[in-house]
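Below: one structure, written as structure tokens.
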Amino acid sequence: MKKPESITFALFGNPVGHSLSPLMHNAAYKKMGINASYVPRRVENLEDAIQGVRKRNIRGVSVTIPFKTAVIAYLDEVESSAQQIGAVNTIWHDDNGGLAGYNTDWIGLVRSLEDVLDIQKKTFVILGAGGTARAAVFGILERGGTPLIVNRTAARAEEMAHEFGCPFYPLSEIGGIRADCLINTTPVGMAPDRKKSPLRRDVLGNFRWVMDCIYNPLRTQLLHDAEEAGCRTLDGVGMFVHQGAEQIKIWTGMEPPREFMYQIVLEKLGEHDGN
Ligand code: NAP
């Protein structure tokens, strides 16, 4: 009997060397009994890379920094949530050769939050106004929560707040805001700048929950300070696992082993935590 052909998936970004996506995806396909390989590719020219997807029959692509917005111009269709967020992190190369764009970051964030709390009717401070903040605001609104945008550059927060129809505040006013949960979508505190935090300690007591989208390190300075202030905390690993799992669902139509993927990522991060 002929062996089924291996399916190729790829990660496009620059840089990509630090990414845990290849480890997580390849482990998941093996566990699911799918003959597939997921390869990282550092992209210099996005147009060439997308042509390569069509030519080499790569069936799915994860898209990361700095291409999540730029990639939209090269796709045949973009799903409505990705259009509203303005970013694509997933490409599906369909049987007819079409390339469709999706955003699974928002579902990843929402599912990770829903693992620990109910979003509906709760208030969330979204710290930042970049791509991840847009995914967060979209997701919170989808699930019936209320997002408030707080950003260093107030004009950027204002523009985004206007677009999504929610309030915004400059970072200098955060001391006066109370909410059920604060979500950090800025990169402040990411390795190697582990000692940095995007917020002063004394304001953290205003939030019952603090979530950091960063997952390396696992325990960011923000989460450490939040625990000391008596908040409940959530790191970015759950979001990372769920956004990847949703990509696998789009590409294979099968439910991936989320808990297994979580353990694989956690183990890898644990090897580095504290270094
Ligand atoms: P981005 O588009 O570059 O946006 C960054 C935002 O952070 C901007 O609003 C910026 O404010 C703010 N910021 C940057 N440096 C700051 C500082 N020193 N003080 C205060 N605010 C600052 O970035 P992104 O693509 O959204 O990614 C953000 C983070 O989310 C990254 O750490 C990424 O790893 C993480 N992420 C995690 C997952 C996951 O699965 N867990 C998924 C996606 C992203 P200004 O507007 O003032 O410049």
Side-chain angles (χ1 to χ4, degrees), residues 11-21 23-25 62-71 82 85-90 102-113 115 125-139 147-161 163-164 168-174 182-200 203 210-223 233-248 258 261-262 265-266 268-269:
L11 167 68
F12 286 179
N14 194 349
V16 287
H18 65 288
S19 174
L20 296 183
S21 291
L23 172 82
M24 178 174 78
H25 276 260
S62 307
V63 182
T64 187
I65 291 174
F67 301 118
K68 288 185 186 181
T69 300
V71 76
I85 293 164
V88 159
N89 77 328
T90 310
Y102 298 82
N103 186 304
T104 68
D105 281 334
W106 78 268
I107 314 175
L109 181 132
V110 156
R111 285 201 60 153
S112 171
L113 276 172
D115 284 341
V125 167
I126 311 298
L127 189 61
T132 310
R134 293 178 65 89
V137 169
F138 178 86
L148 316 176
I149 304 167
V150 175
N151 192 43
R152 177 179 61 177
T153 308
R156 236 180 136 191
E158 183 175 9
E159 197 181 308
M160 199 174 133
E163 203 180 320
F164 285 97
F168 75 96
Y169 300 88
L171 189 52
S172 54
E173 287 181 22
I174 194 144
L182 174 122
I183 304 176
N184 175 39
T185 73
T186 81
V188 184
M190 207 159 85
D193 289 326
R194 293 160 180 262
K195 292 280 171 230
K196 289 197 179 152
S197 168
L199 285 182
R200 299 191 321 260
V203 303
V210 173
M211 172 183 183
D212 204 331
C213 291
I214 294 171
Y215 57 86
N216 186 15
L218 272 172
R219 248 340 170 230
T220 56
Q221 186 66 44
L222 173 68
L223 294 188
T233 61
L234 182 63
D235 60 48
V237 181
M239 174 179 177
F240 177 69
V241 168
H242 283 305
Q243 64 77 33
E246 294 296 323
Q247 296 184 321
I248 295 176
R258 292 174 197 253
M261 291 161 68
Y262 186 83
V265 174
L266 212 55
K268 189 71 187 173
L269 285 169

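Atoms within a ligand are numbered from 1 in the order they appear, just like the ligands themselves.
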Return yes if some donor-acceptor pair links the side-chain N/O of [X] with the main-chain N/O of [Y] below 3.5 Å, else return no.
X: Ser112; Y: Gly238; result: no
X: Gln247; Y: Asn89; result: yes
X: Glu246; Y: Gln243; result: no
X: Thr185; Y: Leu127; result: yes
X: Thr220; Y: Leu223; result: yes

Please identify which atoms of ligand 1 are closer than 4.0 Å to at least one heavy atom of [X].
X: Tyr215; result: 41 (N)
X: Gly130; result: 2 (O), 4 (O), 9 (O), 26 (O)
X: Gly131; result: 2 (O), 26 (O)
X: Ile214; result: 32 (O)
X: Gly128; result: 9 (O)
X: Arg156; result: 8 (C), 9 (O), 45 (P), 46 (O), 48 (O)
X: Val188; result: 15 (N), 16 (C), 17 (C), 18 (N), 19 (N)
X: Pro187; result: 5 (C), 7 (O), 14 (C), 32 (O)

Which one of [options] has a non-hydrogen atom at the shortest distance from [atom]?
atom: atom 39 (C) of ligand 1; options: Met211, Met239, Arg152; answer: Met239
atom: atom 25 (O) of ligand 1; options: Leu20, Leu109, Thr132; answer: Thr132
atom: atom 31 (C) of ligand 1; options: Lys68, Met190, His18, Lys196; answer: Met190

[X] contact mode with ligand 1 (heavy-atom cut-off under 4.0 Å):
X: Thr186; value: both
X: Thr153; value: both
X: Asn151; value: side chain

Mind listing the closest non-hydrogen atom pair of [X] and [Y] along with its distance?
X: Thr233; Y: Arg219; value: OG1-NH2, 2.8 Å
X: Ser197; Y: Val188; value: C-CG1, 3.7 Å
X: Pro217; Y: Ala191; value: CD-N, 3.6 Å

List the closest protein heavy-atom neighbour of [atom]: residue, atom name, distance to the nearest 0.1 Å.
atom: atom 29 (C) of ligand 1; value: Thr185 O, 3.5 Å
atom: atom 40 (O) of ligand 1; value: Phe240 CA, 3.2 Å
atom: atom 41 (N) of ligand 1; value: Cys213 O, 2.8 Å

Exercise. Roughly how far, to the nearest 0.5 Å, is the CG atom of Leu222 from the CG atom of Asn184?
Worked result: 5.5 Å

For this session: Specify whether the nearest protein heavy atom to atom 9 (O) of ligand 1 is under 4.0 angstrom away.
Result: yes

Problem set entry | Protein heavy atom under 4.0 Å of atom 3 (O) of ligand 1 | no

Exercise. With a 4.0 Å cut-off, would you call Lys68 and Asp105 a salt bridge?
Worked result: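 Salt bridge between Lys68 and Asp105, a charged N being under 4.0 Å from a carboxylate O: yes.
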
Exercise. Judged by modelled atom types alone, do Asp115 and His242 share a side-chain donor-acceptor pair under 3.5 Å?
Worked result: yes

For this session: Test Ile174 against Leu182 for side-chain contact (heavy atoms from CB on, under 4.5 Å), laying out the working first.
Result: CA-CA 11 Å; Ile174 194 144; Leu182 174 122; 4.0 Å; yes

Problem set entry | Test of proximity, Ala129 against ligand 1: N or O pairs below 3.5 Å | yes

